[in-house]
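Data first, discussion second: the structure below is written as structure tokens.
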Amino acid sequence: MGRAKRKAAKKSRSVNPLSLRTPSMPITWYAKGGILNRPTIFGANGSTLMGGGEAGKEAVLPIDLLKSYIREENSRNNGIMAQILSEVIKDLQIVAENNIYLGDTKLVSVMTDMILDKMGQKHRAYRAAKGE
């Protein structure tokens, strides 16, 4: 029995876990945003994988950047809308049976000017905040 123990001892080897190679895979981080051009698995929510790009190009971006894009687009659209409203109101002939005056000016004119001025101020303030 002593020989069998010695034989078994010769066959067993010790493995150093630090010498094993660990697999590596490239990781692309989207901290500043990115575009998924084709079906792509980009994360996990618990045990469920998350994918995007299956219906065409899709954006992955931080919430603050998304809000910035939305504000920028809304500002651009508001500026265009204010310009259109201003042009339409100039051409609009308002007929009323009972005109209401504020001082010697029709209330409608005063309110229209105030609304357009306020929209213009907000648009200018936004552009100034962006450094434009």
Side-chain angles (χ1 to χ4, degrees):
M1 208 155 139
R3 271 181 112 165
K5 281 187 181 178
R6 270 187 271 150
K7 252 187 177 180
K10 284 184 179 179
K11 286 184 180 177
S12 67
R13 294 186 177 186
S14 115
V15 175
N16 180 354
L18 298 178
S19 67
L20 295 176
R21 291 187 58 172
T22 56
S24 66
M25 72 174 86
I27 297 175
T28 302
W29 297 102
Y30 290 100
K32 294 181 180 179
I35 303 292
L36 305 174
N37 292 310
R38 61 183 181 276
T40 305
I41 300 298
F42 63 87
N45 187 4
S47 62
T48 303
L49 295 177
M50 298 183 300
E54 73 282 1
K57 292 183 178 182
E58 292 186 52
V60 176
L61 65 158
I63 298 294
D64 287 342
L65 185 56
L66 174 62
K67 288 179 180 178
S68 170
Y69 288 158
I70 291 170
R71 276 192 295 272
E72 187 176 304
E73 188 63 24
N74 283 341
S75 176
R76 187 176 10 259
N77 290 339
N78 288 345
I80 293 168
M81 183 60 77
Q83 181 181 357
I84 292 169
L85 283 173
S86 177
E87 291 171 9
V88 167
I89 289 171
K90 284 179 188 174
D91 295 335
L92 187 62
Q93 302 255 341
I94 298 176
V95 178
E97 290 290 322
N98 297 313
N99 291 316
I100 301 171
Y101 286 86
L102 186 62
D104 62 347
T105 308
K106 288 183 185 178
L107 184 59
V108 170
S109 297
V110 173
M111 289 178 63
T112 301
D113 290 343
M114 290 173 64
I115 290 168
L116 292 175
D117 284 345
K118 194 63 152 174
M119 288 174 73
Q121 287 172 8
K122 286 188 181 261
H123 183 65
R124 285 189 296 279
Y126 174 78
R127 292 180 69 107
K130 284 181 52 180
E132 293 181 4

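For the numbers below, each heavy atom of this structure counts, side chains included, while hydrogens, waters and symmetry mates do not.
Looking at T48, its side chain never comes within 3.5 Å of a backbone N or O of G46 through a donor-acceptor pair.
For R127, the side chain to side chain donor-acceptor pair (under 3.5 Å) partners at least two apart in sequence or on another chain are E132.
Put simply, CG on D117 and OG on S86 are 10.0 Å apart, with the number rounded to the nearest 0.5 Å. Expressed to the nearest 0.5 Å, how far CG of N77 lies from CD1 of I70 amounts to 12.0 Å. Interatomic distance, CD1 of I35 versus CD of E58, reported as 9.5 Å (0.5 Å rounding). Taking CG of D113 as the reference point, atom CE of M111 lies at 11.5 Å (rounded to 0.5 Å). Atom CG in L116 sits 7.0 Å away from atom CE in M119 (nearest 0.5 Å).
Residues Y69 and L61 have side chains in contact (heavy-atom distance under 4.5 Å, counting atoms from C-beta outward). Proximity of S75 to H123: side-chain heavy atoms (C-beta onward) are separated by under 4.5 Å at one or more points.
Remark: Y30 OH is packed, more than 12 non-hydrogen atoms of other residues, nucleotides or ligands lying under 6.0 Å away. Remark: M50 CE is packed, more than 12 non-hydrogen atoms of other residues, nucleotides or ligands lying under 6.0 Å away. Counting non-hydrogen atoms of neighbouring residues, nucleotides and ligands closer than 6.0 angstrom, the CD1 atom of I63 reaches no more than 12 such neighbours.
Shown here for P62 and G33, the closest heavy-atom pair between the two residues is CD-N, 3.8 Å. When all heavy atoms are compared, the tightest approach of N37 to K57 is OD1-CE, 3.4 Å.
Under the 4.5 Å side-chain heavy-atom criterion for Ile, Leu, Val, Met, Phe, Trp and Tyr, I80 and V88 are members of the same hydrophobic cluster.
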